[in-house]
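What follows is a single structure, written as structure tokens, with notes after it.
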Amino acid sequence: MQVIILPSAHEVALYAADRVVDVINTKPDPVLGLATGSTPIALYKELVARYQAKNVSFRRVTSFNLDEYIGITDAHQQSYRAFMEHYLFEQIDIFDENTHVPIADSQDVDVLKRSAQDYEQCIQLAGGIDLQILGIGLNGHIGFNEPTSSFASRTRIKTLSESTVVANKRFFEEGEYQPHLALTMGIGTILESKSVLLMATGKTKAEAVKAMIEGPLSAMCPASALQLHEAATIVLDEEAAGLLELKEYYQWCEQKRQQLHEGSLA
Ligand code: F6R
């Protein structure tokens, strides 16, 4: 795991934007895995700004989002499709047909199960995900893979944990129906991405971040599965890194990495 600690959430977003742009500029048919939630909003704002400044084009990009709620339609303001349209897709030159968010607006279980299988196939057909962007839940979830999710899990219907329902309540109106099921990429699906970049900011994430990086490999902290990925970067602000025991070591590793990049073994 590469652990990068930056002074602020703004710098976390700039770092993530650099990584996304790098994938777009170095791959002929770049495939991005995208996340929703409050953490990546700053990243999407930065990508929109770079697009407007003509520093990047998304014409060749295909995207796959991690998850979508079951029980609300795409048109609902809180659907993840609506989130992505609002914060990113409508503001850049990506082709609509190349943007994928799990299709979860059916009430028929068999249709949803087929939709999950189709999503897996669609990722394969696109050649796999080059860079998967992730956030982390307070309970250590990635996508909607809640604690005790199998590390081998694939895209499927998942029941949200109470902690996730409570954390996401802030996005729904008082008394409004709030989904408790989602269609989510599995941990196995996420681990097949060629590289992953998990962003975490703010002190509320510090415990989950510590469990992910320094805790045991455990289904109780789904994000700890990233310890098994050979190209996982965790980018944190100071607050999210606040409980890490080996914080100074990670910072030293980054200095060394830079020196090695410049060809120095000093
Ligand atoms: C969203 C997702 C979730 C979020 C996580 C953190 O697509 O898959 O795992 O990344 O719940 O959400 P925020 O960033 O709102 O704290």
Side-chain angles (χ1 to χ4, degrees), residues 9-10 12-13 16 20 32-46 63-70 72 74 76-89 99-104 116 119 123 129 131-149 153-172 178-191 193 196-209 211-212 219 221-226 232-237 239-240:
H10 179 61
V12 168
V20 169
L32 298 175
L34 300 175
T36 58
S38 35
T39 314
I41 291 177
L43 161 64
Y44 299 147
K45 284 195 173 141
E46 180 60 25
S63 71
F64 289 92
N65 264 80
L66 284 165
D67 40 21
E68 179 61 282
Y69 286 123
I70 293 172
I72 56 175
D74 282 0
H76 191 290
Q77 222 189 343
Q78 294 311 329
S79 77
Y80 286 171
R81 164 57 75 177
F83 175 103
M84 291 309 301
E85 294 293 338
H86 176 74
Y87 285 106
L88 191 63
F89 300 153
T99 69
H100 304 274
V101 180
I103 298 172
Y119 205 64
I123 294 172
I129 291 170
L131 175 66
Q132 175 67 57
I133 301 293
L134 296 170
I136 184 169
L138 296 174
N139 62 4
H141 74 204
I142 47 175
F144 273 135
N145 295 286
E146 302 287 23
T148 72
S149 289
S153 52
R154 313 300 308 188
T155 305
R156 69 203 182 291
I157 300 171
K158 186 73 196 159
T159 304
L160 306 187
S161 72
E162 196 188 344
S163 126
T164 298
V165 173
V166 170
N168 290 353
K169 223 182 187 72
R170 63 200 152 116
F171 299 116
F172 292 84
Q178 187 185 345
H180 48 267
L181 293 172
L183 212 61
T184 182
M185 273 188 208
I187 297 177
T189 321
I190 292 168
L191 290 178
S193 307
V196 301
L197 175 64
L198 185 143
M199 308 167 69
T201 56
K203 60 172 181 291
T204 58
K205 297 293 172 68
E207 266 186 44
V209 163
M212 160 177 64
C221 178
S224 69
L226 300 182
T233 303
I234 313 297
V235 59
L236 307 168
D237 68 358
E239 288 189 338

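Keep in mind that the numbers below use all heavy atoms, side chains included, and drop hydrogens, waters and symmetry copies. We count residues from 1, following the sequence as given. Owing to the predicted nature of the structure, the values given are computational and were not obtained by experimental measurement. Ligands are counted one by one from 1 in listed order, and the atoms in each one are counted from 1 as well.
In terms of protein heavy atoms, atom 10 (O) of ligand 1 is closest to G135 CA, 3.4 Å. Closest to atom 5 (C) of ligand 1 among all protein heavy atoms lies H141 NE2, 3.4 Å. The nearest protein atom to atom 1 (C) of ligand 1, hydrogens excluded, is given as T36 OG1, 3.1 Å; this is a heavy-atom distance. If you check which protein heavy atom lies closest to atom 6 (C) of ligand 1, you get I136 O, 3.3 Å.
Assignment of K205 to the shell around ligand 1 is supported, since a heavy atom sits closer than 4.0 Å. Remark: distances from the non-hydrogen atoms of R170 to ligand 1 include one below 4.0 Å.
Which parts of ligand 1 touch T39 is read off a 4.0 Å heavy-atom cut-off, strictly below it: atoms 13 (P), 14 (O), 16 (O). Listed by number with element, the atoms of ligand 1 under 4.0 Å from a non-hydrogen atom of D67 are 1 (C), 2 (C), 7 (O), 8 (O). Atoms of ligand 1 lying under 4.0 Å from any heavy atom of L66, numbered from 1 in the order shown and given with element: 8 (O).
Below 3.5 Å of separation, one finds an N or O of G143 facing an N or O of ligand 1.
Here the straight-line distance linking atom OG1 of T36 with atom CG of D67 works out to 5.0 Å at 0.5 Å rounding. The line from CD1 of I136 to SG of C221 is 5.5 Å long, rounded to the nearest 0.5 Å.
A 6.0 Å sphere centred on CG of L181 holds more than 12 heavy atoms belonging to other residues, nucleotides or ligands.
Remark: side-chain polar atoms of S153 are paired, donor with acceptor, to backbone N or O of I187 under 3.5 angstrom.
In this view, T155 and E120 satisfy the side chain to side chain donor-acceptor pair (under 3.5 Å) rule, not counting sequence neighbours.
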